[in-house]
Engineer: 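Please see the structure below; I have some questions.
What you see below is based on every heavy atom in this structure, not just the backbone, and it leaves out hydrogens, waters and symmetry mates. In what follows, chains carry the letters A, B, and so on, assigned in the order in which the sequence lines appear, proteins first and then strands, with residues in each chain numbered from 1. Treat the numbers as computed from the prediction; the structure is a model and nothing was measured.
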There are 2 protein chains.
Amino acid sequence: MGEVICTVDVVLLTIEQEQLMVALSEREHVPFAGRLALPGGYVHAQDASVFDAAMRVMRAKTGFTPPYLEQLATFSGPQRDPRGWSLSVAHYALVPFEMIGPAAAGRLSLVPVAALPELPFDHGQIVSEAVARLRSKSHYSSLPCFLAGDVFTLPQLQRMYELLMGEALNKVSFRRKMGEMDMLEAVEGAFGAAGAHRPAQLYRLKEAYRARVMTLERGL
Amino acid sequence: MGEVICTVDVVLLTIEQEQLMVALSEREHVPFAGRLALPGGYVHAQDASVFDAAMRVMRAKTGFTPPYLEQLATFSGPQRDPRGWSLSVAHYALVPFEMIGPAAAGRLSLVPVAALPELPFDHGQIVSEAVARLRSKSHYSSLPCFLAGDVFTLPQLQRMYELLMGEALNKVSFRRKMGEMDMLEAVEGAFGAAGAHRPAQLYRLKEAYRARVMTLERGL
DNA sequence: TTAATAGTGTCTGTTAGACAGTATGGG
DNA sequence: CCCATACTGTCTAACAGACACTATTAA
């Protein structure tokens, strides 16, 4: 069968104002030209892999390289694309909001995943599965760190974990776990902008953990 | 790009004699005709999805429907297949050995994953990732149950978990967990074939769990 | 009876969470 | 001083693992 339409799509996720947001772009071509959909594109003969194709799409549509990109799953069937039997290798990317801000002012629109509009193809389902995967992995990995910026405070990071996991976390336990993971280092002399109270220590990921995911044996 | 070669491959796994085995089939066509490789095939226009294609391949090559089949990941690139830029949506299937026995007498060969021969394409890597996924999920899910037959004893099931996880498990804890999962039911009046010692109670999966995977919050 | 494995009751150490205290900023 | 939030020490409850004991079969 040579007539399979092969594409990649990327679910680009970020957190802004305590909300998980997905980046959508206006489609330039038929079908669904002008509609908001996941950024994606055809697999090219020049791509070294579908991962490479997803990276290329990200760079083209956002102007940056996402700190985290992973294959999600492949969605396929005769009905999902009006052009015919199609297959999309879906990926998901995580970026801090500061990074996506400029791009979002241009062709990308950030939409809360909690209030997603109807999307073309099966993009609604793809977003659901990406969010489910991120939520699931947040229980036992350092994935949420890729949504934080270069430096962040522990209260900020804990709020991100809580947001993704959908439940309140015990402060003492959370800090104990972060300590055990031995993944963060304090940024000397720098403190988070405080209100009328004690400011929080700033941290950053240790060098070794900026390119890989840390996983915990017993979660949280 | 219309020239992407779209295929599915299935890593069919079973346990025999305390060893995790993968089912390989002799390739009928070029490239690599006559070589042992993962059972697979082209995606057809009649398939409702790549999952459907994988099911069709399983039925054609084994004569049965595997109790568990899940998409693993998509492997792709210009080099992996000498025919050109190709993409394979890899799946993995779990079956009890009793089910695969007859088919294994025919076209399928069961090979221990611990002593895998060199495989064509990137099938070696695909098997590795399937095994890694199964091992990982065995820590916190009911997946190993799909490798057991209709009925089994708790010592048998524990040995399967230990085999997959690569570590000895505490008997009391294991039974406590199985109890909490509330997934098994004793088969009345039936006991495992015993030697010169007390025979073990036989169990089976409760109806509700024969078609889905149970996951544990805190592993084991 | 003995040997061998199945199954269980209970103790103990480890881990997670609750709670309350101290620390440090602004007003 | 007060308030608000950051951080920490410590007690308690929940859980997992070790151990030892009973149960049940064949020889």
Engineer: For the rings on A/Phe152 and A/Tyr203, is their centre-to-centre separation under 6.0 Å?
Structural biologist: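 Between A/Phe152 and A/Tyr203, the centre distance exceeds or equals 6.0 Å.
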Engineer: Check if the side chain of B/Lys171 and the base of C/dG7 share a donor-acceptor pair of N or O atoms closer than 3.5 Å.
Structural biologist: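 Check passes, donor-acceptor contact within cut-off.
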Engineer: Look at the side chain of B/Arg218 and decide which nucleotide, out of C/dG25, D/dC15, D/dT8, has an atom nearest to it.
Structural biologist: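 Between C/dG25, D/dC15, D/dT8, the one nearest the side chain of B/Arg218 would be D/dC15.
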Engineer: Give a yes-or-no answer on whether the side chains of A/Glu70 and A/Tyr92 include a donor-acceptor pair shorter than 3.5 Å.
Structural biologist: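 Short answer, yes.
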Engineer: In whole angstroms, how far is the C1' atom of D/dT5 from the CZ atom of A/Phe191?
Structural biologist: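 After rounding, the gap between these two atoms is 14 Å.
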Engineer: Between A/Ser173 and B/Ala196, which is nearer to the 5' end of DNA chain C once each is assigned its nearest nucleotide?
Structural biologist: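 The residue whose closest nucleotide sits nearer the 5' end is B/Ala196.
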Engineer: Calculate the interatomic distance between B/Arg176 atom CZ and D/dC19 atom P; express it in whole Å.
Structural biologist: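 Checked: the CZ to P distance equals 15 Å.
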Engineer: At under 4.0 Å, does any side-chain N or O of B/Arg159 touch on OP1 or OP2 of C/dA6?
Structural biologist: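 So the side chain of B/Arg159 is within the cut-off, an N or O lying under 4.0 Å from OP1 or OP2 of C/dA6.
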Engineer: OH of B/Tyr140 versus P of D/dA16: gap in Å, rounded?
Structural biologist: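 To the nearest whole Å, that distance equals 17 Å.
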Engineer: Which nucleotide wins on minimum distance to the side chain of A/His197, given the candidates D/dA4, C/dG7, C/dA16?
Structural biologist: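 Given the options D/dA4, C/dG7, C/dA16, the side chain of A/His197 is closest to D/dA4.
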Engineer: Provide, to the nearest angstrom, the distance between the CG atom belonging to B/Leu157 and the P atom belonging to C/dA6.
Structural biologist: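 So the two atoms are 13 Å apart, to the nearest Å.
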Engineer: Contact class for B/Gly195 (heavy atom, under 4.0 Å): base, sugar-phosphate, or nothing?
Structural biologist: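 Here B/Gly195 touches the backbone only, sparing every base.
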Engineer: Quick one about B/Thr74 and A/Thr74 (side-chain donor to acceptor, distance below 3.5 Å, no hydrogens or angles considered), yes or no?
Structural biologist: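 There is such a pair (donor and acceptor under 3.5 Å, judged by atom type) between the side chains of A/Thr74 and B/Thr74.
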Engineer: For A/Met181 and C/dT15, what is the distance between atoms CE and P respectively, to the nearest whole Å?
Structural biologist: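 Atom-to-atom, A/Met181 to C/dT15, this comes out as 16 Å.
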Engineer: For A/Ser86 and A/Arg80, test the side chains for any donor-to-acceptor distance below 3.5 angstrom and give the result as yes or no.
Structural biologist: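 Yes - a donor-acceptor pair under 3.5 Å links their side chains.
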Engineer: Once you round it to whole Å, what is the distance between C1' of D/dA14 and CG of B/Leu216?
Structural biologist: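 The distance from CG of B/Leu216 to C1' of D/dA14 comes to 16 Å, rounded to the nearest Å.
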Engineer: Quick check: on DNA chain D, is the nucleotide nearest B/Leu220 upstream (toward 5') of the one nearest B/Arg198, or the reverse? Name the residue that is more 5'.
Structural biologist: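 Going by which nucleotide is closer to the 5' end, it is B/Leu220.
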Engineer: Whole Å only: how far is the CG atom of A/Leu169 from the C1' atom of C/dA18?
Structural biologist: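 Distance, rounded to whole Å: 14 Å.
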Engineer: Less than 4.0 angstrom from a charged side-chain N to a carboxylate O is my criterion; do B/Glu185 and B/Arg204 meet it?
Structural biologist: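 Between B/Arg204 and B/Glu185 there is a salt bridge, with a charged N closer than 4.0 Å to a carboxylate O.
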Engineer: Can you say whether a donor on the side chain of A/Asn170 sits under 3.5 Å from an acceptor on the base of C/dA16, or the other way round?
Structural biologist: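 Answer is no: no donor-acceptor pair is held.
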Engineer: A/Ala200 or A/Val172: which one's nearest nucleotide on DNA chain D is closer to the 5' end?
Structural biologist: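 Residue closer to the 5' terminus by nearest nucleotide: A/Ala200.
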Engineer: To the nearest Å, give me how far apart OH (A/Tyr203) and P (D/dA6) are.
Structural biologist: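 In whole Å, D/dA6 P and A/Tyr203 OH are 12 Å from each other.
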